[in-house]
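Atoms within a ligand are numbered from 1 in the order they appear, just like the ligands themselves. Keep in mind that what you see is a predicted model, and the values were worked out from it rather than measured.
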Amino acid sequence: MRLVTLGPPGAGKGTQTDRLAEHYQIKHISTGDMLREEMRNNTPIGREITGIMNAGQLVPDEVVNSMVSALIRGMAKDEGFVFDGFPRNVKQAEFLDNLLSKEPEVSRIKRVIYITAPDEVILARMAGRRVCPHCGSVFHVEHHPPKVDGSCDSCHNALVQREDDKESTVLNRLKIYRTQTEPVIDYYSKKDLLVVVSGVADIKMTTRKLIDILGE
Ligand code: AMP
């Protein structure tokens with residue numbers, strides 16, 4: 001099964017994507033994680049995108065599209081995945097469509113899950129989010145605190161706030177989301193692929209609802 005999740009930053013895309021990937025045993029593809037890895041490894045792409053990422057702007061389509069295309073081409077035609085953070089604008093959605101349009105039915109996007117959340121929830125979630133720069137584990141100071149304050153449960157490295165989770169940057173990311181990513185919702189709605197769920201509802205019940213819609 002091949003899926004896409006959409007929604008504002010902090011709506012809970014990562015959480016639902018993880019849970020669906022686990023349930024269906026499909027790959028969780030986060031373009032944000034792929035780009036952060038380029039930065040961690042200090043590759044030429046990583047160096048090119050650091051300023052853009054830290055400012056909360058979108059990385060150029062060519063960079064993201066070529067990473068996604070290489071990944072999909074390396075997969076079996078029936079291998080499932082769920083995208084988290086891609087496509088981020090209509091051009092990327094069209095690129096994905098073109099990439100899969102000549103493929104068999106099983107390779108196409110089956111559903112697009114749109115996770116909604118109000119701005120005040122998003123701001124509170126992002127302000128409290130802490131990440132491990134070493135292994136990528138994600139915590140929240142209130143809702144999902146680490147066992148030892150400020151230290152990663154998995155690898156015990158010091159947790160940090162992502163540069164792009166700082167409030168002024170989050171506001172900028174929301175603005176970019178409204179202008180560039182929201183039109184993607186309409187794009188998939190016209191194709192009759194959209195499923196809408198609330199990012200503030202109970203996490204387990206939301207996953208259950210999605211599995212009921214998508215099928216076991
Ligand atoms: P995320 O982890 O999905 O919140 O993404 C973090 C940042 O990575 C975004 O603010 C962008 O700078 C960049 N990014 C992730 N996915 C994309 C994409 N599909 N297109 C452009 N930039 C992206």
Side-chain angles (χ1 to χ4, degrees), residues 2-18 20-21 27-41 43 45-72 81-100 109 112-117 119 121-133 135-140 159-185 187-188 199:
R2 295 185 163 186
L3 305 167
V4 163
T5 53
L6 282 178
K13 294 190 297 295
T15 305
Q16 287 304 330
T17 306
D18 259 347
L20 291 172
K27 209 179 174 78
H28 174 167
I29 306 176
S30 158
T31 44
D33 282 350
M34 290 164 78
L35 294 165
R36 278 185 288 277
E37 181 151 358
E38 297 283 342
M39 282 167 42
R40 253 198 311 275
N41 295 336
T43 64
I45 289 181
R47 287 194 291 275
E48 182 191 328
I49 63 176
T50 300
I52 302 173
M53 295 271 294
N54 287 346
Q57 288 161 353
L58 293 190
V59 167
D61 291 343
E62 310 80 70
V63 173
V64 181
N65 288 349
S66 69
M67 275 175 24
V68 165
S69 142
L71 191 71
I72 292 182
F81 60 70
V82 50
F83 270 123
D84 165 8
F86 181 88
R88 259 328 208 267
N89 59 31
V90 171
K91 283 253 173 312
Q92 293 181 7
E94 287 169 350
F95 177 84
L96 183 62
D97 265 356
N98 281 335
L99 194 67
L100 301 177
I109 300 298
V112 175
I113 299 154
Y114 170 33
I115 306 178
T116 63
D119 285 4
V121 172
I122 290 167
L123 286 169
R125 280 185 184 167
M126 309 291 253
R129 182 155 76 171
R130 297 292 178 271
V131 296
C132 174
C135 73
S137 295
V138 182
F139 300 88
H140 190 281
L159 301 177
V160 297
Q161 183 174 38
R162 256 168 58 179
E163 200 52 48
D164 62 346
D165 276 352
K166 304 207 164 132
E167 187 169 304
S168 60
T169 314
V170 172
L171 290 172
N172 192 34
R173 288 169 71 189
L174 273 173
K175 210 183 293 169
I176 291 170
Y177 171 77
R178 302 263 177 264
T179 52
Q180 307 213 34
T181 312
E182 271 190 353
V184 180
I185 296 164
Y187 178 89
Y188 284 123

Inset, instruction - Compare all side-chain heavy atoms of V68 with those of F83 and state whether any distance is below 4.5 angstrom. - result: yes

Legend entry - Cationic N near anionic O, under 4.0 Å, R129 to D165: yes

Legend entry - Top protein contact for atom 11 (C) of ligand 1, by heavy-atom distance: Q57 O, 3.3 Å

Legend entry - Contact check, R36 vs ligand 1, heavy-atom distance below 4.0 Å: yes

Legend entry - H28: which of D33, D84, T5, T17 passes side-chain hydrogen bond (donor to acceptor under 3.5 Å, both in side chains): D84

Inset, instruction - Using distance alone, decide if ligand 1 has a nitrogen or oxygen within less than 3.5 Å of any nitrogen or oxygen in T31. - result: yes

Legend entry - L71 side chain reached by M34 side chain, heavy atoms, under 4.5 Å: yes

Legend entry - Residue, atom name and distance, where the atom is the protein heavy atom closest to atom 14 (N) of ligand 1: L35 CD1, 3.4 Å

Inset, instruction - Kindly determine whether R178 and D119 satisfy side chain to side chain contact (heavy atoms under 4.5 Å, CB included), including the steps that lead there. - result: CA-CA 11 Å; R178 302 263 177 264; D119 285 4; 2.5 Å; yes

Legend entry - atom 13 (C) of ligand 1: nearest protein contact (heavy atom, Å): M53 SD, 3.5 Å

Legend entry - Protein contact to atom 18 (C) of ligand 1 [nearest heavy atom, distance to 0.1 Å]: R88 CG, 3.3 Å

Inset, instruction - Have a look at M126 and tell me which of E167, R173, H140, K166 forms a side-chain contact (heavy atoms from CB on, under 4.5 Å) with it. - result: R173

Legend entry - Residue from M53, R36, R130 passing side-chain contact (heavy atoms from CB on, under 4.5 Å) with R162: R36

Legend entry - Protein contact to atom 4 (O) of ligand 1 [nearest heavy atom, distance to 0.1 Å]: R173 NH2, 2.8 Å

Inset, instruction - Would you check whether V59 has a nitrogen or oxygen atom less than 3.5 angstrom from a nitrogen or oxygen atom of ligand 1? - result: yes

Inset, instruction - Tell me which protein heavy atom sits closest to atom 20 (N) of ligand 1, plus the residue, atom name and distance to 0.1 Å. - result: Q92 NE2, 3.0 Å

Inset, instruction - May I ask whether M126 has any heavy atom positioned less than 4.0 angstrom from an atom of ligand 1? - result: no

